[in-house]
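Every chain is numbered from 1 and lettered A, B, ... according to where its sequence line falls, protein lines coming before strand lines. Just so we're clear, the structure is a prediction, and the values are computed from it rather than from any experiment.
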Protein chains: 2
Amino acid sequence: MPKTKILIADDNRQITSVLGEYAKKEGYEVHTAADGGEALELFALLKPDIVLLDVMMPKTDGFEVCREIRKTSTVPVIMITARGEDFEKIMGLDIGADDYIVKPFSPGEVMARVRAVLRRIENANPQKAQTLVYGSLSVNLDDYSAAVGGENVPLTKKEIELLWTLAGNRNKVFSRDNLLNSLWGYDYFGDSRTVDSHIKRLRAKLDARSHPDWEIKTIWGVGYKFEGKSDET
Amino acid sequence: MPKTKILIADDNRQITSVLGEYAKKEGYEVHTAADGGEALELFALLKPDIVLLDVMMPKTDGFEVCREIRKTSTVPVIMITARGEDFEKIMGLDIGADDYIVKPFSPGEVMARVRAVLRRIENANPQKAQTLVYGSLSVNLDDYSAAVGGENVPLTKKEIELLWTLAGNRNKVFSRDNLLNSLWGYDYFGDSRTVDSHIKRLRAKLDARSHPDWEIKTIWGVGYKFEGKSDET
DNA sequence: CGCGTTCGCCACAAATTTGCCACACAGGGC
DNA sequence: GCCCTGTGTGGCAAATTTGTGGCGAACGCG
């Protein structure tokens, strides 16, 4: 899977730099533009997967850039503005941005929005089957179902997500905090023992059926992992 | 695994206190500073894993502290400020903070940001192999497992970490204090003979399987080392 | 607005690891 | 060989960490 391309346009080079660093570290391929004209050029050239646009830029401003982009593309666009006054304008149909962010922002917040928008787009294209199979286990994120040995096991949303995460990274140990971050979100603030509760319920349901080829194992003092016992791929 | 160290600098003792409590509850090792000078001192001394800096502090302000820190370190820094006006300055390259929080904040929000930044840093360094192989020995920190001659050897967390440290620095001698500092943390208060106990248990488990190509050796009057006997890389 | 689920969390029990002691033993200097 | 100091080791109780039953609160759904 090629990297997701992100185009960041802001005339403040410091801001593009900081956001760019963040984006790179999250695994995006980053390109930056310092004004509207450059942004449009790079857009045509690179076909990025998402665009971050500052509203205030010299010559061609963010509104204009977004409008231009929308003539040829439905690529997700997130606008950055100094204050909230432009809300209606930005989100309105004549501009058609997908989200907007008000300064001051934190880079983490921006990246969260980027992820959210990309996820939204992704979910709107239900092309690829979200199914995971390992031995006697199969987990399906499309319809949130799971089966052991061919027989359906009714699991709740959180249980499915937990199983999906663990089984999708076979043998990797997840700390409770890892799991809280992945499943509950980075801004969740609560008891990490909650993870134990879900593991408990998950095990109880799964163990109702036999599955000698794998198990959810506790790594004492560390966390949990999905351990496969055969040597399947 | 030693605790993550967090340094919180704010001249308002109520703020450091509340944030400190929250951070402790999340398992961080917390240190606080009441002004910029103290923050820099503690920073040099403790090498924290993340720093929370209030912009407004007596004498040396948060900007200055961050700039100083950046001269020697890329440790994540989160700045706290009263209002958004300093946004561009903080996020700019000449300061180089990693995130930005505006007062009033909720402690939960702050901790969420801390987690997010730490996670980002962590994810940005996926390069280091979490697997160590030397001859008949392999140690894996991803799944906290170890094997000798292909056969899995169940080890506890401390044993794995001890083995990882020793084997990862082949032929280097570690004093008991070295090991206490690395594995237990510099503030651990206890008997250094505890290390012997772990070496004992580690040897017992490892020696259950044959491994003629290496051994954990005692250097009399000094400490322990992992000695490789072949001339493998 | 009820009703059945799901979810987060608590409290207590169980399981496991860990730190340390005590004593035996080994190493090194004289 | 003798003594002093450092190390190996069995054992144990304390400290941690995890398993689990259960209970409201929140949620989702007619």
Side-chain angles (χ1 to χ4, degrees), chain A residues 144-146 153-166 173-185 187-208 215-227, chain B residues 1-3 24-27 29 108 112 144-146 153-166 173-185 187-208 215-227:
Chain A
Y144 272 74
S145 72
V153 178
L155 297 180
T156 69
K157 182 167 164 271
K158 273 278 184 300
E159 285 161 2
I160 286 268
E161 289 170 359
L162 180 55
L163 182 57
W164 176 268
T165 302
L166 289 173
V173 181
F174 290 86
S175 70
R176 290 171 177 70
D177 280 338
N178 286 161
L179 293 169
L180 281 180
N181 280 331
S182 312
L183 274 61
W184 278 259
D187 57 349
Y188 177 77
F189 185 71
D191 194 335
S192 68
R193 290 299 309 278
T194 292
V195 174
D196 297 39
S197 281
H198 286 272
I199 291 280
K200 164 187 61 176
R201 291 188 276 250
L202 187 51
R203 279 173 170 162
K205 290 184 183 177
L206 295 173
D207 292 354
E215 87 181 288
I216 295 175
K217 206 164 182 177
T218 304
I219 308 301
W220 219 88
V222 186
Y224 298 98
K225 73 170 173 179
F226 180 94
E227 185 171 272
Chain B
M1 180 180 49
K3 284 186 182 180
K24 267 181 207 154
K25 214 171 177 178
E26 295 214 358
E29 178 185 320
Y144 269 76
S145 72
V153 178
L155 297 180
T156 70
K157 192 179 144 206
K158 272 276 185 304
E159 286 160 2
I160 288 258
E161 289 170 3
L162 179 57
L163 181 56
W164 175 268
T165 303
L166 290 172
V173 183
F174 290 86
S175 70
R176 290 171 177 70
D177 281 338
N178 285 160
L179 292 169
L180 281 179
N181 281 329
S182 311
L183 274 62
W184 278 260
D187 58 348
Y188 177 75
F189 180 69
D191 194 334
S192 70
R193 292 297 310 278
T194 291
V195 174
D196 297 38
S197 281
H198 282 86
I199 292 281
K200 163 188 61 176
R201 289 188 278 249
L202 188 51
R203 279 173 170 161
K205 289 184 181 176
L206 295 173
D207 292 354
E215 87 180 288
I216 295 175
K217 207 164 184 177
T218 305
I219 309 301
W220 215 86
V222 186
Y224 299 99
K225 73 169 174 179
F226 180 94
E227 185 171 272

Discussion item. With a cut-off of less than 4.0 Å, is there a side-chain N or O of Arg176(A) near OP1 or OP2 of dT18(D)?
Written reply: yes
Worksheet, complete the sentence: Taking dT17(C), dG19(C), dT18(D) as options, the one with an atom nearest any side-chain atom of Thr194(B) is dG19(C)
Response to the item:
Considering only heavy side-chain atoms of Asp196(B), the closest of dG8(C), dT18(C), dG8(D) is dG8(D)
Item to complete: Could you tell me which non-hydrogen atom of Ile219(A) sits nearest to which non-hydrogen atom of Lys225(A), and how far apart they are?
Response: CD1-CE, 3.7 Å
Practice prompt. Could you check how far CG of Asp191(B) sits from C1' of dA13(D), rounded to whole Å?
Written response: 16 Å
Discussion item. Between C1' on dG8(C) and CG on Leu162(A), what's the gap in Å once rounded to a whole number?
Written reply: 14 Å
Discussion item. I'd like to know if Arg201(A) reaches the base of dG8(C) with its side chain such that a donor and an acceptor end up less than 3.5 angstrom apart.
Written reply: yes
Discussion item. For Leu162(A), run the side chain to side chain contact (heavy atoms under 4.5 Å, CB included) check against Leu166(A), Ile160(A), Thr165(A) and tell me which one passes.
Written reply: Leu166(A)
Worksheet item: Nearest of dG8(C), dT9(D), dC7(C) to any side-chain atom of Lys200(B)?
Response: dT9(D)
Practice prompt. Round to a whole Å and report the spacing from CG of Leu155(A) to C1' of dT6(C).
Written response: 13 Å
Worksheet item: Among the nucleotides dG19(D), dC7(C), dG11(D), which one has an atom lying closest to any side-chain atom of Arg203(A)?
Response: dG19(D)
Worksheet entry | Arg193(A) CZ to dG21(D) P, straight-line distance once rounded to whole Å | 14 Å
Worksheet item: For Lys157(B) and dT17(D), what is the distance between atoms NZ and C1' respectively, to the nearest whole Å?
Response: 10 Å
Item to complete: For Glu161(A) and dC7(C), give me the distance from atom CD to atom C1', rounded to whole Å.
Response: 13 Å
Worksheet entry | Donor/acceptor link under 3.5 angstrom from Ser197(B) side chain onto base of dC20(C) | yes
Worksheet item: Which one, dG8(D), dC20(C), dT18(D), comes nearest to the side chain of Tyr224(A)?
Response: dT18(D)
Item to complete: Report the nucleotide, chosen from dG19(C), dA15(C), dC10(C), that has the shortest atom-to-atom distance to any side-chain atom of Trp184(B).
Response: dG19(C)
Worksheet item: When we call it a touch if two heavy atoms are under 4.0 Å apart, what does Val195(A) touch: a base, just sugar-phosphate, or nothing?
Response: nothing
Worksheet entry | Rounded distance in Å - NZ (Lys217(A)) to P (dT16(C)) | 12 Å
Worksheet item: Of the nucleotides dT18(C), dT18(D), dC20(C), which has the atom closest to the Lys158(B) side chain?
Response: dT18(C)
Item to complete: Rounded to the nearest angstrom, tell me the gap between atom CD1 in Ile219(B) and atom P in dG8(D).
Response: 11 Å
Item to complete: Compare every heavy atom of Ser192(A) with every heavy atom of Asp177(A), then report the nearest pair and how far apart it is.
Response: OD1-CB, 4.3 Å
Item to complete: Please name the pair of heavy atoms, one in Ala146(A) and one in Leu163(A), separated by the smallest distance, quoted to 0.1 Å.
Response: CB-CD2, 4.4 Å
Worksheet item: Atom OG1 of Thr156(A) and atom OH of Tyr144(A): how far apart are they, to the nearest 0.5 Å?
Response: 10.0 Å
Worksheet entry | Shortest side-chain distance from His198(B), nucleotide among dG19(C), dG8(C), dT7(D) | dG19(C)
Fill in: Full working for side-chain contact (heavy atoms from CB on, under 4.5 Å) between Ile199(A) and Arg203(A)
CA-CA 6 Å; Ile199(A) 291 280; Arg203(A) 279 173 170 162; 3.7 Å; yes
Discussion item. Would you say Tyr144(A) places a side-chain N or O within less than 4.0 Å of OP1 or OP2 belonging to dT6(C)?
Written reply: no
